[in-house]
**Q** 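Right, I'll just put the structure down here and ask away after.
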Amino acid sequence: MSDTRKPFPFSEFEPAWQARWETEKTFRTPGPGDAGFDPAKPKYYVLDMFPYPSGAGLHVGHPEGYTATDIIGRYKRMRGFNVLHPMGYDSFGLPAEQYAIKTGQHPAITTAANIITFRRQLKALGFAYDWDREIATTDPQYVRWTQWIFLQLYGAYFCESDHKAKPVSDLVAKGWTREQIDGVRLAYVADTPVWWSPDLGTVLANEEVEEWKGKGHTVERRPLRQWMLRITKYAQRLIDELDELDWPEGIKLLQKNWIGRSEGASARFEIIDFASTIEVFTTRPDTLFGATYMVMAPEHPFVAQITTTEQLAAVEAYQKACASKSDMDRGDLNKDKSGVFTGAFALNPVNGGRLPIWIADYVMMGYGTGAIMAVPAHDERDFEFARRFQLPIVEVVSGRVSGTPTLLEPFSDHGVAVNSGFLDGLATAEAKATMIDWLEAKHLGQRRIQYKLRDWLFSRQRYWGEPFPIVWKDGHHQAIPESELPLLAPPLDDYKPSGTPEPLLSKAREWVELPDGFVRETNTMPQWAGSCWYYLRYCDPSNTERFISRDAETYWTGQGGSAESGVPSSTGMIDLYVGGTEHAVLHLLYARFWHKVLFDLGHVTTPEPFQKLINQGLILGEDGQKMSKSRGNVVNPDDVVSEYGADALRLYEMFMGPLEQVKPWQMKGVEGVSRFLARVWRVAFEQDQAGTWQMSNKIADIPCADKELRRVVHETIKKVGEDIEKLNFNTAISQMMICTNAFTQAAVVPLAEFIQFLTILNPFAPHLSEEVHARLAVAFKFQPGQLSEVAWPGYDPDALVRSTIELIIQVNGKLRERVMISKDADEAAATAVALGCAKVKDHTDGKTIRKIVYIQGKLLNIVAS
RNA sequence: GGCGGCUUGGCGGAAUUGGUAGACGCGCUCGACUCAAAAUCGAGUUCUAACGAGUGUGGGUUCGAGUCCCACAGCCGCUACCA
């Protein structure tokens, strides 16, 4: 395609500016210790969620968030901030390994190729990253520090009295045994039932199961020895410390619900004719008098012991059915409760009731104690189960004002205790407290807080992940010395899963077997590991002594910079973090957890990583559906760039609508913003017969005589600045369109005003604005510095003032007339004008004027009836 | 089932946070330029012939409601027997 046919020659100047930014390192960000670092400058750290470099390359969702942060970063830079806006790659991951299984190609080769593609695509969009800070989680020097942080977790325990992590060396000093210490480490080994996928050859985290099942892989439940991270110890802090963060409320709520705190009590029930008790957790201890049976999870270890011989066959059959059923869609089973009686009975501690003990799959082993007291009158699930198996239903909470309870449906709200001995007449809240006191006094139970959050299953049996820096001997694990980091995986010839849960790395015998009977841990870390701390590494990416230097850490958290930075010392390090909602829970929760551990151990100085968070909305296809290959509605950013240019793509993605909103792609919209950019171009240039662009003689280096034009320019400077601060990019672009239309229609365009406009356009369309500016510099012989180095222009408030305004005249709240009037007109003057209007008379004739509402400079409402 | 979000012209979306509903862009219509087309420039474009009506529906508060309150409906996410 010939450039003369393009509306403006972006395909010539865009690559040229990108090359210049690269060779001149225009967007290099000096940090502490770097040449050119100015500690007096306030810092601004704006971060994107880094991409997984898939084989498919960038999709249009990536540039949405990336452009938003680029605009903010460039704007803050022009405002005098030292802006850190880095980019990197979350480059471990299953697809590269799946590819290796198919082709035998080492995942490192595929990953390196994909990174090259991503880097080229990102550079083609003109983002102002400091490329010297680029990182990939697969780099040995990055892996080194990921493993180092793992060792910090391994070497720490959670001190219950101080609510924080401390080194286990403290416990050694207190004389704890090795087993005791291994039992409290934040990274520990446990046999747990996990989701194992034979064809992927790895276990999956609970939250990953659905995703891979959806892709056609099989998963099954298996008890396996796995590495776990004790995130549950941080459950309360992960909830409480959300308060200080400037995050969307919806995301905070999502995290809170995921952690799932509930308050209640544990209670122990004696098993009749059996020297043991069953412990349950309940949020409604006040309903204990209404407990008529008990249920244990089918996999509860007690079941085998308490089951009577008569019931044994039925119980075992049910357990077996549940184990194989675990893979089926549980949704289908929700309607029909199932279960089997064990033959055993427990004693209700408050009233001596004989409670049959059942097993049923509606009770989960993983939550609470894996057993419940069933109160069918006041719990929907228990009610359903009781009806199905004809178990007694006893009402103990009354929510009705009067009348006999019908018990046609469970009543799970709060009310007043009835049929409950010493609780009778108490409101639910008091009844709960009274019952807990009673249980505690009798040593039958205690107040308890329960979380849904489980410890984090941290090991995978994959190849393409960080190996654990751990060795084993005689059944004990221990850390390898820090000096041996990074510990890299050995190359393999065959990446195929063996079909057994034996990790792939165990195939590398020479790597695994060490002198003196030591063997290496062969599990690898999940992909989350690298993304848990990458934002720290950007601050000091080539440090070989520490994962981040103390100086870099304090400076980029805002504690080492100028006091005037305007950013009060905050709890979070990053000023703005932009990314998709898909990471609302997992990534953001995991990263917060790691950060808090590092904080507790004194390695970082803020308790939170991300002060402010924004979720960009999904971009849908033109058909309003999610983009997918199978639907054929995927838009490739490369195609958009070659057809319309990088500036047009950037601008369009920002013009589509509010950043946080879900919105459909419209190719016609890209044409629209491309036309806008062409209009800006043609303010300065016109095409001659030969098709070359010549400087337009409309531009003149003279003071702006056109007051209206000047007002539009200054309104634009004001609005665009304010909109960028609020992340309202779409309306900022609208305003720049209005301004461009004013330039287009003006007979003369004053040079100074036009350059001010180009300056505010620069963060949005950096290539075009720089190119126009550079050409103006040649034509008007001024110093051709880069626009991106120029200070953000101020606006002149006087230029905004209008002497006359349009006054809206309403009668009974309905618009009837509009008149031009002095902005200072008082109520009497305005009323006189309004009553003189014919249309106003039409609507007030024969009525009495009751009231006049006058908003000066805006409107006048006549209330008449 | 639970939690969250959304609902404004033919379309994407604006609306100073209670004060002109529909900015800006797309599309469409007409005009200019052209032998013609594209591109560009200019005018118009919520509906209605008009009176009027109008921000998912119904009510309320107010001089005035897209905006605040109550009830309901429809779409979209996330989550799912969490005791």
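Numbers restart at 1 for each chain; the letters A, B, ... are given by sequence-line order, proteins then strands. As the structure is a prediction and not an experimental result, all values here were calculated from the model.
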**Q** Could you tell me how far apart A/Ile614 (CD1) and B/G5 (P) are, to the nearest whole angstrom?
**A** 15 Å
**Q** B/G12 and B/G27: how far apart are their C1' atoms, nearest whole angstrom?
**A**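 Each nucleotide's C1' atom is 11 Å from the other's.
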**Q** Nearest heavy-atom pair of A/Met364 and A/Ala297: which atoms, and what distance?
**A** C-CB, 3.9 Å
**Q** Identify which nucleotide among B/A15, B/C3, B/G19 has an atom closest to any side-chain atom of A/Leu859, counting heavy atoms from C-beta outward.
**A** B/G19
**Q** When the C1' atoms of B/C24 and B/G13 are compared, how many Å lie between them, rounded to an integer?
**A**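 About 9 Å, rounded to a whole number of Å.
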**Q** Would you say the side-chain atoms of A/Asp826 and A/Tyr854 include a donor-acceptor pair closer than 3.5 Å?
**A**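 Side-chain D/A pair, A/Asp826 to A/Tyr854: absent.
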**Q** Rounding to an integer number of angstrom, what distance separates B/A53 and B/A21 when you compare their P atoms?
**A**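 One P to the other, the span is 13 Å.
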**Q** Please determine, for B/G66, whether a Watson-Crick or G-U wobble partner exists with both distances under 3.5 Å, and give it or none.
**A** none
**Q** Under 3.5 Å, is there a donor-acceptor pair between the side chain of A/Ser674 and the main chain of A/Val670?
**A** no
**Q** Could you tell me the Watson-Crick or G-U partner of B/G4, where both distances fall under 3.5 Å? Say none if there is no partner.
**A** B/C76
**Q** What's A/Lys858 touching, base or sugar-phosphate or nothing? Going by heavy atoms closer than 4.0 Å.
**A**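 The answer is base, as A/Lys858 lies within the cut-off (heavy atoms under 4.0 Å) of a base atom.
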**Q** Quiz question: by atom type and distance under 3.5 Å, do the side chains of A/Gln236 and A/Tyr451 form a donor-acceptor pair?
**A** yes
**Q** In whole Å, what is the span from the CZ atom of A/Phe729 to the P atom of B/G13?
**A**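 Whole-Å distance recorded here is 17 Å.
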**Q** Expressed as a whole number of Å, how far does the C1' atom of B/U17 sit from that of B/U67?
**A**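 Between the two C1' atoms, the distance is 7 Å.
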**Q** If you check the A/Gln666 side chain, which of B/C3, B/C11, B/A83 turns out closest?
**A**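 Closest nucleotide among those given: B/C11.
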**Q** Say you pick atom C1' in B/U62 and the same atom in B/C47; how far apart are they, in whole Å?
**A**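 Taking atom C1' in both B/U62 and B/C47, they lie 28 Å apart.
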**Q** Can you name the closest pair of heavy atoms from A/Ser628 and A/Asn633 and give their distance?
**A**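 Of all heavy-atom pairs spanning A/Ser628 and A/Asn633, the closest is N-OD1, 2.9 Å.
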**Q** Reckon A/Gln661 has a side-chain N or O less than 4.0 Å from the OP1 or OP2 of B/C6?
**A** no
**Q** Are there over 12 heavy-atom neighbours, none belonging to A/Gln661, within less than 6.0 Å of that residue's CD?
**A** yes
**Q** Provide, to the nearest angstrom, the distance between the NZ atom belonging to A/Lys626 and the P atom belonging to B/C75.
**A** 18 Å
**Q** Just call it for A/Gln810: base, sugar-phosphate, or nothing, with non-hydrogen atoms closer than 4.0 Å on any strand.
**A** base
**Q** Which one, B/C81, B/C3, B/A14, comes nearest to the side chain of A/Arg381?
**A** B/C81
**Q** Do NZ/NE/NH1/NH2 and the carboxylate oxygens of A/Lys719 and A/Glu722 come within less than 4.0 Å?
**A**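 No, this pair does not count.
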**Q** Rounded to whole angstroms, how far apart are CG on A/Asp361 and P on B/C82?
**A**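 Going from CG in A/Asp361 over to P in B/C82 covers 13 Å.
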**Q** Which is more 5' along RNA chain B, the nucleotide nearest A/Val662 or the one nearest A/Tyr451? Just name the residue.
**A**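 Looking at the nearest nucleotide for each, A/Val662 comes out on the 5' side.
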**Q** Is the glycosidic torsion of B/U17 within 90° of 0, making it syn, or is it anti?
**A**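 Classified syn.
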**Q** Whole Å only: how far is the CD atom of A/Gln735 from the P atom of B/G25?
**A** 11 Å
**Q** Phosphate oxygens OP1/OP2 of B/G27: is one of them under 4.0 Å from a side-chain N or O of A/Lys668?
**A** yes
**Q** Which nucleotide sits closest to the side chain of A/Asn861: B/A21, B/G12, B/G19?
**A**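 When the side chain of A/Asn861 is considered, B/G19 is the closest of B/A21, B/G12, B/G19.
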**Q** State the syn/anti category of B/G5 according to its glycosidic angle, syn meaning within 90° of 0.
**A** anti
**Q** Which base, if any, makes a Watson-Crick or G-U wobble pair with B/C82, both distances under 3.5 Å?
**A**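 B/C82 is paired with nothing.
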**Q** In whole angstroms, how far is the C1' atom of B/A83 from the CD atom of A/Glu380?
**A**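 Atom-to-atom, A/Glu380 to B/A83, this comes out as 13 Å.
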**Q** Quick check for you: among B/A83, B/C3, B/A14, whose closest atom lies nearest to any side-chain atom of A/Ile372?
**A**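 Output: B/A83.
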**Q** Report the nucleotide, chosen from B/A83, B/C82, B/C24, that has the shortest atom-to-atom distance to any side-chain atom of A/Thr283.
**A** B/A83
**Q** Across all strands, who's sitting opposite B/G9 as a Watson-Crick or G-U wobble pair, both distances under 3.5 Å?
**A**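 With both distances under 3.5 Å required, B/G9 matches none.
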**Q** Students often get this wrong, so: under 4.0 angstrom with heavy atoms, is A/Val295 touching a base, only sugar-phosphate, or nothing?
**A** nothing
**Q** Minimum heavy-atom separation for A/Thr342 to A/Ile357, with atom names?
**A** OG1-O, 2.7 Å
**Q** Starting at atom CE of A/Met667, determine the distance to atom P of B/G12, rounded to an integer number of angstrom.
**A**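 After rounding, the reported distance stands at 17 Å.
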**Q** B/A73 and B/C81: how far apart are their P atoms, nearest whole angstrom?
**A**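 To the nearest whole Å, 25 Å.
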**Q** Could you give the CH2-to-P distance, from A/Trp258 to B/C3, as a whole number of Å?
**A**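 The answer, rounded to whole Å, is 18 Å.
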**Q** Taking only the C1' atom of each, what is the distance from B/U61 to B/C70 in whole angstrom?
**A**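 Their C1' atoms lie roughly 11 Å apart.
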**Q** Out of B/U20, B/A15, B/G25, which has the shortest distance to the side chain of A/Met737?
**A** B/G25
**Q** Base contacts versus sugar-phosphate-only contacts with protein, heavy atoms under 4.0 Å: please encode nucleotides 29-56 of chain B as B, S and - from 5' to 3'.
**A** -----------SSS--------------
**Q** Please tell me which of A/Asn728 and A/Glu806 maps to the more 5' nucleotide of RNA chain B, matching each residue to the nucleotide holding its nearest heavy atom.
**A** A/Asn728
**Q** Could you please name the option among B/A23, B/U20, B/A83 that lies closest to any side-chain atom of A/Ile808?
**A** B/U20
**Q** Let me see the working for A/Gln450 and A/Ser262 under side chain to side chain donor-acceptor pair (under 3.5 Å), right down to the final yes or no.
**A** CA-CA 5 Å; A/Gln450 182 67 44; A/Ser262 26; over 6 Å; no
**Q** What interatomic distance, in whole Å, is found between C1' of B/C41 and the corresponding atom of B/C33?
**A** 8 Å
**Q** Report yes or no: is the cationic atom of A/Lys337 (NZ for Lys, CZ for Arg) under 6.0 Å from the centre of the six-membered ring of A/Tyr362, at an angle within 45° of the ring normal?
**A**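 Ring-cation test returns yes.
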**Q** Any idea which of B/A23, B/C81, B/G13 is nearest the A/Ile738 side chain?
**A**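 Within the option list, the nearest is B/A23.
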**Q** Need the pair for B/A53. Rule: Watson-Crick or G-U wobble, both distances under 3.5 Å, any strand; none if unpaired.
**A** B/U46
**Q** Where is the tightest heavy-atom contact between A/Thr292 and A/Pro356, given as atom of each residue plus distance?
**A**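 Smallest interatomic distance, heavy atoms only, reads O-CD, 3.4 Å.
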**Q** For a quick test of reading the model: is some side-chain N or O of A/Asn730 closer than 4.0 Å to OP1 or OP2 of B/G25?
**A** no
